[in-house]
Amino acid sequence: MSDQIRIVVAGNERQVAAGTTAGDLFDAPEVIAARVGETLVDLSRELADGDTVEPVEIGSVDGRAILRHSTAHVLAQAVQELYPDAKLGIGPPVENGFYYDFDVAEPFHPDDLKRIEKKMQQIVKERQAFVRRPVSDDDAAAELAGEPYKLELIGLKGGAAEAAEGASAEVGAGELTVYDNVRRGGERAWGDLCRGPHLPTTRHIPAFTLMRVAAAYWRGDEKNRQLQRIYGTAWESKDALKAYLDFLAEAEKRDHRRLGAELDLFSFPEEIGSGLAVWHPKGGVVRRVMEEYSRLRHEAAGYEFVYTPHITKETLFENSGHLHFYKDDLYPPVHVDAEHDSAGNLRRQGQDYYLKPMNCPMHTMIFNARGRSYRELPLRLFEFGMVYRYERSGVVHGLARSRGFTQDDSHIYCTPDQLADELASLLQFVLGLLRDYGLSEFRAELSTRPEKFVGEIEDWNEAEAALEAALKQAGVEYVVNEGDGAFYAPKIDVHVTDAIGRSWQLSTLQVDLQMPTRLDAEYTAADGSRQRPYMIHRALFGSIERFFGILLEHYAGAFPPWLAPVQVVGIPIADEHVPHLRDVADKLAEHGIRVEVDTSDDRMQKKIRTAQKQKVPYMLIAGDDDVAKDAVSFRYRDGTQNNGVSVADAVAEIVDAVQRRIQV
RNA sequence: GCCCGAAUAGCUCAGCUGGUCAGAGCAAUCGCCUUGUAAGCGAUAGGUCGUCGGUUCGAAUCCGACUUCGGGCUCCA
């Protein structure tokens, strides 16, 4: 046996002494682990002949995950030092951070985080080494006898990925390993079942903070006990941590619930009920403009507008299959028409009516209202249809998840050979319209047949193929989510990325092979035979309310002029300039511009501040100089000025920006 | 639905361990004042401290239930 081995380091073949560790190869502080072949390993790992070794830097995707996982270990160690009875769940890295689940007798209080964080800082300072130690299943079981959740994971080894999201961080398919935290004197401070890899020492954690405490079901199953989950975040530098916290602060400033109140757009009166919004005039005007533009575009694309009721007999949703699948998520039924005689005996059977959770069965009733010819297809029905879903109390969340919302819902009935073309043009239409609202970054997901499905597999395959062809034709980046479709249809979901990089699921396209059959929709083909149409469900905004919320956050309340609730505010330098501004306002109003003149007795500076806080796109200021020249002075939202612009030019500039739907 | 936390004026919040604790700023209203790009001055009005019970001589403050909100989990046609 040679005492030299040959390895490939960062693409270069090298000969090194046997026993060389990955850490020996890289003399850079930002390298905290290595990749040997496909596997991430500790820097202390001894290399074998033929290994291909790459450095893993702490700021890389893998490096951050390792950092965060190691920080989760430090969290668990700190918790067990402070709460010796705490039992360990799992502690994986997640996007932007990590968590660790604990079973403790008393739930953590938010204030406990400070104590725990202090203890963690102590552990970091101690520069404890993370030391890997392979163990047999039996030894692990003996060592972890006091950790019931870990024991459960050992029992599930190999199936860990299914055991719980994140559980694969603890146990993998291969041998079990424990990571010991070893103090500089060699004393073992703590240890945890873990596949690793880890940072070399706790001191390699540059910056972390604990975020919040929450509860989570063990192994993600609501039948299981809830554990206490502590969320934290860790970064490769103090600056990176600060940048992340700044991002969170920015997201909070943009929160649509906060902006909705600040800009007087909508509210959720407690008296009306949880998850039910009312739209104030300023929010109402934005929404109206959004809807009007959408209507216009749909009309041009060959859609026909329909209206349907908000409530319907049970039978319709029974036949469509929705009642069976979603009964618990519907408002309870209204029971009507039952009659009793004076003795209390039932004289007439009553009926149950449900608030509608979906528009599609009603649209299909319109399709069925008379005999349909293949010549009418594709028939595209469109409605802003308000639906009601009794969302579980813990999930309602502003406009994003509410109990009453409006779908911009369309259902397209077509022949089988029209399907592919129809889907392709639909997807183009959807993306084009989203662009007009100011969104530009998209990706899509194709969700295929789930385990629980109805219909024939061949039909599913055909529909899935047509959806995939549409994605390819539209040239939009997409991933396939196997088994993620609805029970009756495969679907395309379009996700958008907003101004601060967050991704939102928006539009959905579904090919429904079931409902036409369930509701017995048919058309007469050219040969006189009766045929089943294909049906496409398509929502563009999904929920108008939610889409509004997303746009509000995307623009941080500073809507482009065409959408802004107040597009122009006239600000006089003194009262005597009001008549001039009123003239200007009248000229703008002639072009449909939403304009106000601030005639309050505030001083000009205060009026500017008020308009600025309301994120009005254009302030038109007028004093003596402007009046003399029949001009106004612009102040834009970014604080820049354009003084002494003739009224005609000012009107033209504003009208132009609104017509072109540009942001300013 | 589950766990934790929260609820004081339209908004943001102060009010420590139960006893002048019902307050401040902004907003609103009224008055005075106001000529160049983010807050002029003053006065007035506004809350049975989310609701209902309980403990206590006494509850915004302690306890319970409910409602609503927030953070998560589960769910999301």
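Each chain gets a letter, A, B and so on, in the order its sequence line appears, and its residues count up from 1. All values below come from the heavy atoms of this structure, side chains included, with hydrogens, waters and symmetry mates left out.
Counting any heavy atom pair closer than 4.0 Å across all strands shown, A:Gly644 reaches no nucleic acid atom.
For the atom pair CD of A:Glu252 and CZ of A:Arg258, the computed distance is 5.5 Å after rounding to the nearest 0.5 Å.
In the interface, the side chain of A:Tyr217 is not paired with the base of B:rG72 through any donor and acceptor atom under 3.5 Å apart. Counting distance only, with no hydrogens placed and no angle test, the side-chain atoms of A:Arg392 and the base atoms of B:rC75 include no donor-acceptor pair under 3.5 Å.
OP1 or OP2 of B:rC73 sits under 4.0 Å from a side-chain N or O of A:Tyr231. Put simply, A:Ser633 has no side-chain N or O that comes within less than 4.0 Å of OP1 or OP2 on B:rU37. Taking only side-chain nitrogens and oxygens, A:Arg229 never comes nearer than 4.0 Å to OP1 or OP2 of B:rC3. At the phosphate of B:rG72, neither OP1 nor OP2 sits under 4.0 Å from any side-chain N or O atom of A:His397. Close to B:rA6, at under 4.0 Å from its OP1 or OP2, lies no side-chain N or O of A:Arg212.
In terms of heavy-atom proximity, A:Leu153 sits nearest to A:Ile90 at CD1-CG2, 3.6 Å.
Within 6.0 Å of OH in A:Tyr390 there are 12 or fewer heavy atoms belonging to other residues, nucleotides or ligands.
B:rA77 atom P lies 16 Å from atom CD of A:Gln514, rounded to whole Å. Distance A:Ile230 CD1 to B:rC73 P: 15 Å, rounded to the nearest Å.
With B:rG70, B:rG36, B:rA77 as the choices, the nucleotide that has an atom nearest any side-chain atom of A:Asp624 turns out to be B:rG36. Of all nucleotides listed (B:rU37, B:rC69, B:rA77), B:rC69 comes nearest to the side chain of A:Val396.
Taking the ring centre of A:Tyr331 as origin, the terminal cationic atom of A:Arg389 falls outside the region bounded by 6.0 Å and 45° from the ring axis.
Ring pair A:Phe487/A:Phe325: centre-to-centre distance below 6.0 Å.
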Per-nt protein contacts along nucleotides 38-53 of chain B (heavy atom under 4.0 Å; B base, S backbone sugar-phosphate only, - none) come out as BBB-------------
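Look at A:Tyr488 and the base of B:rA77; the rings do not stack under the cut-offs of 5.5 Å between centres and 30° between planes.
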